[in-house]
Amino acid sequence: MLTLPWRSAGTLLVAGDDDEPSRLWVCAPPAIARDADGNPRARLSTFLLAGDVGTAPRSGGRLSLDVDMRPSAQAIAAAGLDPARVQPLPWLDAELEIAGPGFEPLVTEVALAFDQAGAVIDLDAPHAELLAAALLSQAASSLQLTWRGHVRARMPAIEVIATADVATLQRNGVLVGRGRRSLTAYARALVTANAHVEIRGGADAALEANLRQWALDALAERVAQGGSLAVRASASDVAAVPVAATATLEDSVTVEQRQRMVEEVALDPDDRGARRVFEIRPVGTLDALERIDVELEAAGTTARIELVDARARRITVPEGTLQWRRRLVPRGGSAWAWSQWTAAPQTGLAVPAAVPPSPAVEVIAAGFDFDARWRSITIELGVAGRTATVVELGPGHRSARVPLDATAADATAHARVIALAQGGYQHVRELDVAIGSELVLDDPFTAGVRPLALVPAGSGWAEVAAVMVDVALAEADADEHETLALQSLSDFVQWRAPLAPGVAKTARWRRHVSFRDGRFESTAWATTDDEVLVIPIAGAPQRTVQLLPILLDAGVRVRASFASGDVTRELDLGDKTPALVDLPPGRYTLALRWTLPDGSTRTQPPQARDDEVVVVPRPPPQ
């Protein structure tokens with residue numbers, strides 16, 4: 001199992017393994033993947049009506065590209081790593097962001113095929129024009145690729161608790177519960193600025209940075225999904241940890257290759273309106289496959305497409321809801337079972353050609369107390385009634401990769417999990433697990449205690465004299481409660497109550513606030529099943545402005561000076577990292593001063609603005 005922290009080695013990010021110390025997990029910067037002839041697997045198709053090619057403005061476009069995250073032999077050698085020990089990161093999911101001057105960043109989820117991924121993005125006419133111009137330019141394209149993915153890693157013996165105040169986010173225009181994992185850069189920056197992250201137990205700087213990034217990522221996902229804005233992890237938990245890597249397009253393609261990515265596609269009038277052009281292509285290598293069968297279902301009709309090489313297929317399909325499924329057919333083996341029907345995107349499909357190099361299941365014991373409760377865990381894994389493979393986990397061996405006697409037609413394995421307690425008691429579970437995936441085993445019993453962490457949030461704590469919070473188990477008598485005190489935004493209080501077997505973990509709580517101006521407020525009793533309780537105190541209204549220095553060249557610094565009424569703020573920026581500034585509501589003025597590498601300066605006089613997001617321009621000419 002991967003362990004934190006990540007460390008940098010040359011251009012690579014490197015993680016260790018708690019089960020095999022000799023193994024290194026490595027992440028490279030995103031690069032455009034190559035086909036067998038060495039050509040980049042990326043294409044921008046711009047659409048025009050037949051007869052208008054070369055004369056009419058583009059009506060839209062579609063960007064198809066494959067990204068390769070495998071470390072090259074040159075990068076491994078430059079980092080001083082042993083190639084025999086290196087493995088690419090086992091991604092759980094990922095998204096790709098494409099950013100450039102003059103247009104909003106394009107963010108899309110990708111189809112994963114181990115260490116390669118594919119994306120298909122439909123573009124409106126303005127984006128198609130801007131992207132085509134950037135790709136066809138003789139100068140540097142200034143296009144940036146950012147990969148954001150998740151891998152599963154074991155948390156260290158440190159407790160991490162993070163919260164954010166939903167009222168502050170909504171007041172600044174963040175839509176909570178949008179139903180997607182992704183947030184805009186503005187929303188992510190607001191979550192980062194508004195979050196309260198508590199790391200208890202001591203850590204080095206690199207580990208704290210990893211844990212803080214996990215907490216902020218988990219909060220951002222809660223914002224997107226509409227969940228409680230509080231997350232918690234402690235020792236031995238297995239968590240999905242974010243990994244981000246950035247590169248420019250010029251890092252992996254030449255100017256000539258970039259220019260050849262653009263093609264114009266003439267559409268027949270029949271391909272517009274009630275029907276749309278749909279693209280299907282494989283991601284990854286088909287070396288081990290005879291073909292991939294893909295079925296598309298729309299408007300009651302089903303079409304089957306056979307992918308036998310890396311070429312993309314274009315078909316026209318009706319507008320409306322579309323669903324798809326796939327079946328892998330390995331060379332010299334039986335066809336896999338069809339996957340489940342899933343909703344298809346409107347643009348096209350990047351179909352993973354993902355055949356596990358060897359059938360196996362990774363087994364992980366998460367959160368088991370091997371000191372006081374459990375002695376060992378035995379897992380028996382078998383496929384289709386054949387002889388089971390047995391593996392044992394314990395305090396010094398919490399995860400294992402279990403090879404299986406399976407064929408390509410076997411999609412699942414059966415697991416019998418036997419947990420042996422210190423006193424001799426056995427707890428047995430029967431489970432099915434997908435081959436090539438992970439079996440994460442949680443402790444079947446609670447620890448016999450109800451923890452609750454109280455974390456302040458919101459912008460009003462400067463006006464507070466004291467906050468008293470009454471907490472109790474919901475099934476306890478009304479008079480059996482404890483009162484906890486909070487006095488500032490930096491406070492952090494934990495409450496633990498004995499939890500008898502069969503008693504629900506629901507807790508009751510209420511809040512009493514004494515303000516510095518003499519006001520006093522109390523709330524009615526409420527209940528929570530969460531382990532983190534956010535105590536928000538709203539302050540005076542304010543607006544948050546985000547600065548995006550995406551055009552800032554290396555070596556150039558800029559100072560941004562804000563003024564709103566009698567409030568002034570200054571920010572110094574030296575790289576492309578977004579920044580936030582809090583101001584009173586209403587219009588404000590912004591002045592900019594650039595310092596160039598040679599020491600000379602450029603200025604932009606104060607300008608009245610009312611924007612929530614400001615893209616810092618390039619410095620004006622002399």
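Since this is a predicted model, take the numbers as computed values, not measurements. Any value given below was found using the heavy atoms of this structure, including those in side chains, with hydrogens, waters and symmetry copies removed.
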> Are the charged groups of Asp293 and Arg325 less than 4.0 angstrom apart, N to O?
Replying inline: no
>> Quick check: do Val26 and Leu13 have side-chain heavy atoms less than 4.5 Å from each other?
In response: no
> Which distance, rounded to the nearest 0.5 Å, do you find between the CG of Leu2 and the OG of Ser399?
Replying inline: 9.5 Å
>> Looking at every non-hydrogen atom in both residues, tell me the closest pair between Ala111 and Ala350 and how far apart they are.
In response: CB-O, 2.9 Å
> For Glu290 and Arg327, what are the C-alpha separation, side-chain angles and deciding distance, and is it a salt bridge (Lys or Arg N to Asp or Glu O under 4.0 Å)?
Replying inline: CA-CA 11 Å; Glu290 179 182 316; Arg327 179 177 67 180; over 6 Å; no
>> So, using ring-ring contact (aromatic ring centres under 6.0 Å, His included) as the criterion, who are the partners of Trp25 when residues are at least two apart?
In response: none
> Less than 4.0 Å between a side-chain N and a carboxylate O, is that true for Glu362 and Arg401?
Replying inline: no
> To the nearest 0.5 Å, how far apart are CG in Asp17 and CZ in Arg154?
Replying inline: 9.5 Å
> Does any non-hydrogen side-chain atom of Met69 lie less than 4.5 Å from one of Val67?
Replying inline: yes
> Could you give the distance from CD (Gln213) to OG1 (Thr192), rounded to the nearest 0.5 Å?
Replying inline: 7.0 Å
> So which heavy atom on Val191 is nearest to which on Ala220, and how close?
Replying inline: CG1-N, 4.2 Å
>> Do Thr342 and Trp324 pair up side chain to side chain, a donor and an acceptor below 3.5 Å, judged on atom types alone?
In response: yes
>> Looking at every non-hydrogen atom in both residues, tell me the closest pair between Gln116 and Ala33 and how far apart they are.
In response: OE1-CB, 3.8 Å
>> If the threshold is 4.0 Å, N to carboxylate O, is there a salt bridge linking Asp35 and Arg41?
In response: no
> Considering residues, nucleotides and ligands other than Gln340, do more than 12 of their heavy atoms fall under 6.0 Å from its CD?
Replying inline: no
> Salt bridge between Asp66 and Arg34, side-chain N to carboxylate O under 4.0 Å?
Replying inline: no
> Out of curiosity, Leu65 CG to Ile98 CD1, how far, rounded to the nearest 0.5 Å?
Replying inline: 5.0 Å
>> To the closest 0.5 Å, what do you measure between CZ (Arg258) and CG (Leu44)?
In response: 12.5 Å
> Do the side chains of Arg152 and Val440 get nearer than 4.5 Å, heavy atoms only?
Replying inline: yes
> Is any side-chain heavy atom of Val110 closer than 4.5 Å to a side-chain heavy atom of Val283?
Replying inline: no
>> Minimum heavy-atom separation for Pro578 and Pro549, please, with both atom names.
In response: CA-CD, 4.0 Å
> Would you call Glu279 and Arg43 a salt bridge, taking side-chain N to carboxylate O under 4.0 Å as the test?
Replying inline: yes
> Looking only at heavy atoms, what is the nearest atom pair of Ala9 and Ala79, with distance?
Replying inline: O-CB, 3.2 Å
>> Quick check: do Leu112 and Leu92 have side-chain heavy atoms less than 4.5 Å from each other?
In response: no
Compile the donor-acceptor pairs under 3.5 Å between side chains in residues 298-310 and protein atoms, sequence neighbours left out, one pair per line.
| unit_1 | atom_1 | unit_2 | atom_2 | d |
| --- | --- | --- | --- | --- |
| Thr301 | OG1 | Ala298 | O | 2.9 |
| Arg304 | NE | Glu295 | OE2 | 3.1 |
| Arg304 | NH2 | Glu295 | OE2 | 2.7 |
| Asp309 | OD1 | Arg311 | N | 3.0 |
| Asp309 | OD1 | Arg311 | NE | 3.4 |
| Asp309 | OD1 | Arg313 | NH1 | 3.4 |
| Asp309 | OD1 | Arg313 | NH2 | 3.4 |
| Asp309 | OD2 | Arg311 | NE | 3.2 |

> Rounded to the nearest 0.5 Å, what separation is found between the CH2 atom of Trp147 and the OG1 atom of Thr246?
Replying inline: 12.5 Å
> If you take all heavy atoms of Glu109 and Ala119, which pair is closest and at what distance?
Replying inline: O-CB, 4.4 Å
> Which residue pairs satisfy the ring pair (Phe, Tyr, Trp, His ring centres under 6.0 Å) criterion with at least one member in residues 289-323, sequence neighbours excluded?
Replying inline: none
